[in-house]
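Heads up, the thing below is written out as structure tokens.
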Amino acid sequence: MKYWLIKSEPDVFSIDDLKKVKREAWDGVRNYQARNFMMKEMKPGDLALFYHSNAKPPGVAGIAKVAGETYPDPTQFDKRSDYYDSKSKQDNPRWWLVDFQFVKKFKQEVPLDALKADNQLSEMMVCQKGTRLSITPVQAKHYERVLKLAGEKA
DNA sequence: GCCAACGTTGGC
DNA sequence: GCCAACGTTGGC
């Protein structure tokens, strides 16, 4: 089993929204690296830290779980969607996604500051300067450390 | 295939 | 609102 960190802007879709809807298609990812993680490496049951970007403060807000297999992102074929991609073919879709399922919301969010300040997490990708990738792999030891900082049991 | 211009992300 | 980082696009 692998661990991940997924970013979302809470103004658009927050951990509370995920809690409400229980399960959500992670659509709109238009970055090849992030797509490749979903397409080739994520497996149902993998756990992800749910990170609030562009928030005050930004930080990890809870946990989500990969809820199913990879499938083509339907928004790429929807002309009215912001994520429409005219170059993607029905018989050879360019963009793929997975669904995420709500697992838990931290009682106490772990702000980016705290991640950066923790010497055990200095190698975590989200702590590195200039990491804009919306989906990143997370090492098990880092995942467990973040849970600990949140005051949660692993 | 190079690279300048441009767009987006996301912390601050 | 600013701007650094960096991915993408398109002219050549």
Side-chain angles (χ1 to χ4, degrees), chain A residues 2-21 24-42 46-66 70-100 102-139 141-143 145-152:
Chain A
K2 290 197 169 74
Y3 297 99
W4 306 92
L5 181 142
I6 56 175
K7 290 183 189 173
S8 184
E9 301 191 24
D11 290 347
V12 180
F13 191 81
S14 71
I15 189 80
D16 291 317
D17 295 323
L18 185 61
K19 186 175 185 178
K20 219 173 295 167
V21 299
E24 177 80 357
W26 213 250
D27 62 16
V29 172
R30 294 294 179 268
N31 171 285
Y32 287 103
Q33 258 183 292
R35 177 206 66 175
N36 289 345
F37 287 139
M38 288 198 284
M39 199 163 77
K40 298 172 180 172
E41 298 197 40
M42 276 187 188
D46 281 3
L47 293 169
L49 300 170
F50 194 107
Y51 178 89
H52 282 168
S53 62
N54 270 320
K56 291 173 191 169
V60 180
I63 301 171
K65 180 163 73 175
V66 177
T70 305
Y71 61 98
D73 182 342
T75 62
Q76 69 194 305
F77 303 123
D78 180 357
K79 287 199 169 110
R80 291 160 306 173
S81 170
D82 285 346
Y83 304 123
Y84 176 67
D85 185 346
S86 60
K87 290 178 206 150
S88 186
K89 300 273 161 16
Q90 287 277 358
D91 57 0
N92 185 20
R94 178 181 289 192
W95 305 110
W96 296 68
L97 54 71
V98 297
D99 286 1
F100 281 100
F102 177 79
V103 175
K104 76 162 68 165
K105 179 185 175 178
F106 291 159
K107 289 187 230 47
Q108 179 191 332
E109 194 169 316
V110 184
L112 181 60
D113 275 356
L115 299 177
K116 285 183 169 170
D118 192 283
N119 55 11
Q120 293 183 43
L121 295 175
S122 55
E123 286 169 32
M124 201 172 160
M125 283 183 79
V126 77
C127 296
Q128 317 272 321
K129 199 175 166 189
T131 301
R132 299 184 312 164
L133 206 50
S134 59
I135 297 175
T136 56
V138 172
Q139 294 178 38
K141 60 177 181 182
H142 291 159
Y143 176 87
R145 180 66 181 161
V146 171
L147 258 63
K148 197 161 190 181
L149 293 178
E152 304 280 344

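We name chains A, B, ... by the order of the sequence lines, and we start the count at 1 in each one.
Taking all atoms of both residues into account, the shortest heavy-atom contact from Lys87(A) to Arg94(A) is CB-NH2, 3.4 Å. Residues Ile15(A) and Gly62(A) approach most closely at CD1-CA, 3.9 Å, considering heavy atoms.
In this model, a donor atom of one side chain and an acceptor atom of the other lie less than 3.5 Å apart for Arg30(A) and Thr75(A). Checked by atom type, the side-chain pair Asp78(A)/Tyr83(A) shows no donor-acceptor distance below 3.5 Å.
Scanning DNA chain B 5' to 3' for nucleotides with an atom closer than 4.0 angstrom to a non-hydrogen atom of chain A gives a first and last hit of dG7(B) to dC12(B).
Against DNA chain B, the stretch residues 112-130 of chain A makes heavy-atom approaches under 4.0 Å through Leu112(A), Lys116(A).
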**OP:** Decide yes or no on ring-ring contact (aromatic ring centres under 6.0 Å, His included) for Tyr32(A) and Trp95(A), but give the supporting numbers first.
**Re:** CA-CA 8 Å; Tyr32(A) 287 103; Trp95(A) 305 110; 4.8 Å; yes
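Note that CH2 of Trp4(A) is 6.5 Å distant from CG of Asp46(A), once rounded to the nearest 0.5 Å.
The aromatic rings of Phe13(A) and Trp26(A) sit perpendicular, their planes meeting at an angle over 60°, well past the 30° parallel limit.
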